[in-house]
Protein chains: 2
Amino acid sequence: MKWDALEEEPCSLARTVAVIGDRWSLLILRECFLRIRRFDDFQASLGITRHLLADRLKKLVRFGVLRKIPYQEAPKRYEYILTQKGLDLYPIIMSIVHWGNVHMVDARGRPLLHEHKTCGKMFDPVMVCSECGAPLSAKHVHVHPGPGARKSSPVHASARERTKRTAEQG
Amino acid sequence: MKWDALEEEPCSLARTVAVIGDRWSLLILRECFLRIRRFDDFQASLGITRHLLADRLKKLVRFGVLRKIPYQEAPKRYEYILTQKGLDLYPIIMSIVHWGNVHMVDARGRPLLHEHKTCGKMFDPVMVCSECGAPLSAKHVHVHPGPGARKSSPVHASARERTKRTAEQG
DNA sequence: TATTGACAGTTCTAAAATAGAACTTATGGT
DNA sequence: ACCATAAGTTCTATTTTAGAACTGTCAATA
């Protein structure tokens, strides 16, 4: 499967992975949320090669996650800021950070702590149901095909069954 | 920067990206949450090359996200199931799916719908503060260095300031 | 006027990762 | 003996990435 084919998959996870599913994009976005905006600042704080950084910024702009804003004329210079679409990535970033906090920290403890300005306390992010507010876990969720589902979706039939059926058909 | 160096970074996001930050790992994990467990089933439903699949499964086992369980002797065969550490990735998966649902679906609509068995309704995942229960947004969160922070962390000083200081020091 | 420095990239080569297909091993069934 | 199932491994060609050097604009300085 080619990289670009991911964007076309009838799967919201695959399409999002097309945007953020590489070594650098999430790290670049982390910097964006920490108010880094300029090329050399990204490069200095991440240690990414300039080539790849240019490529990834271009990709994130193309996907509408970042926007280039001029901050000086002569020579024309731009900085990269998060769009609303980019800001909406915050729950993804936070859930990733939280999993790392729980499962990947060494003996020294967490690199960062998060304070919720609204309530003034140090917090962890919790994912809840939009309808009843209860914390979510995989076993309490049932998946249904939606309007954009493909026929013979992996959701409807196990891969084993699909393999068998394909063999029968072909 | 080498791939393996990510695991050592004093950043929970970077360390998690070392586990899930590639083209395939998240897609493999999606299948795991959809009850796919066996090598050929992963391969058939994802279209990943067998080589890469073997490599990624090995990596996910090494990180303790999946566990190999024998399901038959003679010949000895294993299936891959999520550990608790792997199950804890659920909020990451769901936040990614949700962002894709909001920002990446085409005219046909969502490929999948999620029902919360607890309350019986179709829902979206919402990320809230563990302390006050309010939905989270980036601008209401303040970041502090934790015990595992590195000195001169990117969080304490902007990259621009760090560059200047480095130039002064060196 | 020539030089230096800041900034945002682009270009180059070598190394590493990935795609795609074929092959291997172990076993059970016909 | 032959085929099928399952879980990989091995191979070559292509693509991506790492790392360093280079380019182009402009402002400030010597």
Side-chain angles (χ1 to χ4, degrees), chain A residues 1-6 17-18 21-28 31 36-61 66 68-81 158-168 170, chain B residues 1-6 17-18 21-28 31 36-61 66 68-81 158-168 170:
Chain A
M1 189 202 263
K2 293 290 169 54
W3 211 178
D4 292 348
L6 263 190
V17 165
D22 66 86
R23 263 174 197 58
W24 289 110
S25 294
L26 279 168
L27 295 166
I28 291 168
E31 299 301 298
I36 299 291
R37 305 170 124 107
R38 299 184 186 177
F39 192 92
D40 278 15
D41 289 347
F42 286 114
Q43 208 273 318
S45 67
L46 289 172
I48 185 176
T49 65
R50 305 177 74 75
H51 180 99
L52 264 258
L53 177 58
D55 185 82
R56 290 299 182 274
L57 288 172
K58 212 168 283 175
K59 194 188 76 175
L60 292 170
V61 168
L66 297 180
K68 269 173 98 159
I69 303 286
Y71 70 90
Q72 86 175 21
E73 309 288 325
K76 196 125 188 173
R77 290 285 148 76
Y78 298 89
E79 50 190 15
Y80 296 88
I81 66 159
S158 80
R160 191 164 307 281
E161 284 162 358
R162 271 180 297 119
T163 305
K164 204 198 302 169
R165 200 169 54 243
T166 304
E168 284 161 2
Chain B
M1 188 201 264
K2 294 291 170 54
W3 212 178
D4 292 349
L6 263 189
V17 166
D22 67 86
R23 262 173 195 59
W24 289 110
S25 294
L26 279 168
L27 294 165
I28 291 169
E31 298 302 298
I36 299 291
R37 303 169 124 96
R38 299 185 187 177
F39 192 92
D40 278 15
D41 289 347
F42 286 114
Q43 209 273 318
S45 66
L46 289 173
I48 185 176
T49 66
R50 306 177 74 76
H51 180 98
L52 263 259
L53 177 58
D55 184 82
R56 288 299 181 276
L57 288 171
K58 211 169 283 175
K59 193 188 77 173
L60 291 169
V61 168
L66 297 179
K68 270 173 95 158
I69 304 287
Y71 71 89
Q72 87 176 18
E73 308 289 324
K76 196 129 189 171
R77 290 285 149 77
Y78 298 88
E79 50 190 14
Y80 296 87
I81 66 158
S158 81
R160 191 165 307 280
E161 284 162 358
R162 272 180 295 119
T163 305
K164 206 197 301 168
R165 200 170 54 244
T166 303
E168 285 161 3

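- The separation between Glu79(A) atom CD and dC7(C) atom P is 12 Å, rounded to whole Å.
- What separates CD of Glu73(A) from P of dG24(D) is a distance of 22 Å, to the nearest Å.
- Counting to the nearest Å, the P atom of dG24(D) and the CG atom of Asp40(A) are 18 Å from each other.
- Computed from coordinates, the Leu6(A) CG to dT16(D) P distance equals 12 Å when rounded to whole Å.
- Put simply, OH on Tyr78(A) is 13 Å from P on dC26(D), counting in whole angstrom units.
- Across the protein-nucleic acid pair, Gln43(A) atom CD and dA18(D) atom P stand 12 Å apart, rounded to whole Å.
- In this structure, Arg38(A) CZ and Tyr71(A) OH are separated by 4.0 Å, a value rounded to the nearest 0.5 Å.
- By the side chain to side chain contact (heavy atoms under 4.5 Å, CB included) test, Arg23(B) pairs with Trp3(A), sequence neighbours left out.
- Contact annotation: Tyr80(A) does not reach the phosphate of dC7(C) (side-chain N/O to OP1 or OP2, under 4.0 Å).
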Between protein and nucleotides 13-26 of chain C, map the contacts as a letter string: B base, S sugar-phosphate only, - none, heavy atoms under 4.0 Å, written 5' to 3'. ----SSBB-B----
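- Under 4.0 angstrom from either OP1 or OP2 of dA7(D) there lies no side-chain N or O belonging to Lys58(B).
- Regarding contacts with the backbone of dT5(D), every side-chain N or O of Tyr71(B) stays at 4.0 angstrom or more from both OP1 and OP2.
- For the pair Leu46(A) CG and dA18(D) P, the interatomic distance rounds to 12 Å; values are reported in whole Å.
- Between the P atom of dA7(D) and the NZ atom of Lys68(B) lies a distance of 10 Å, rounded to the nearest Å.
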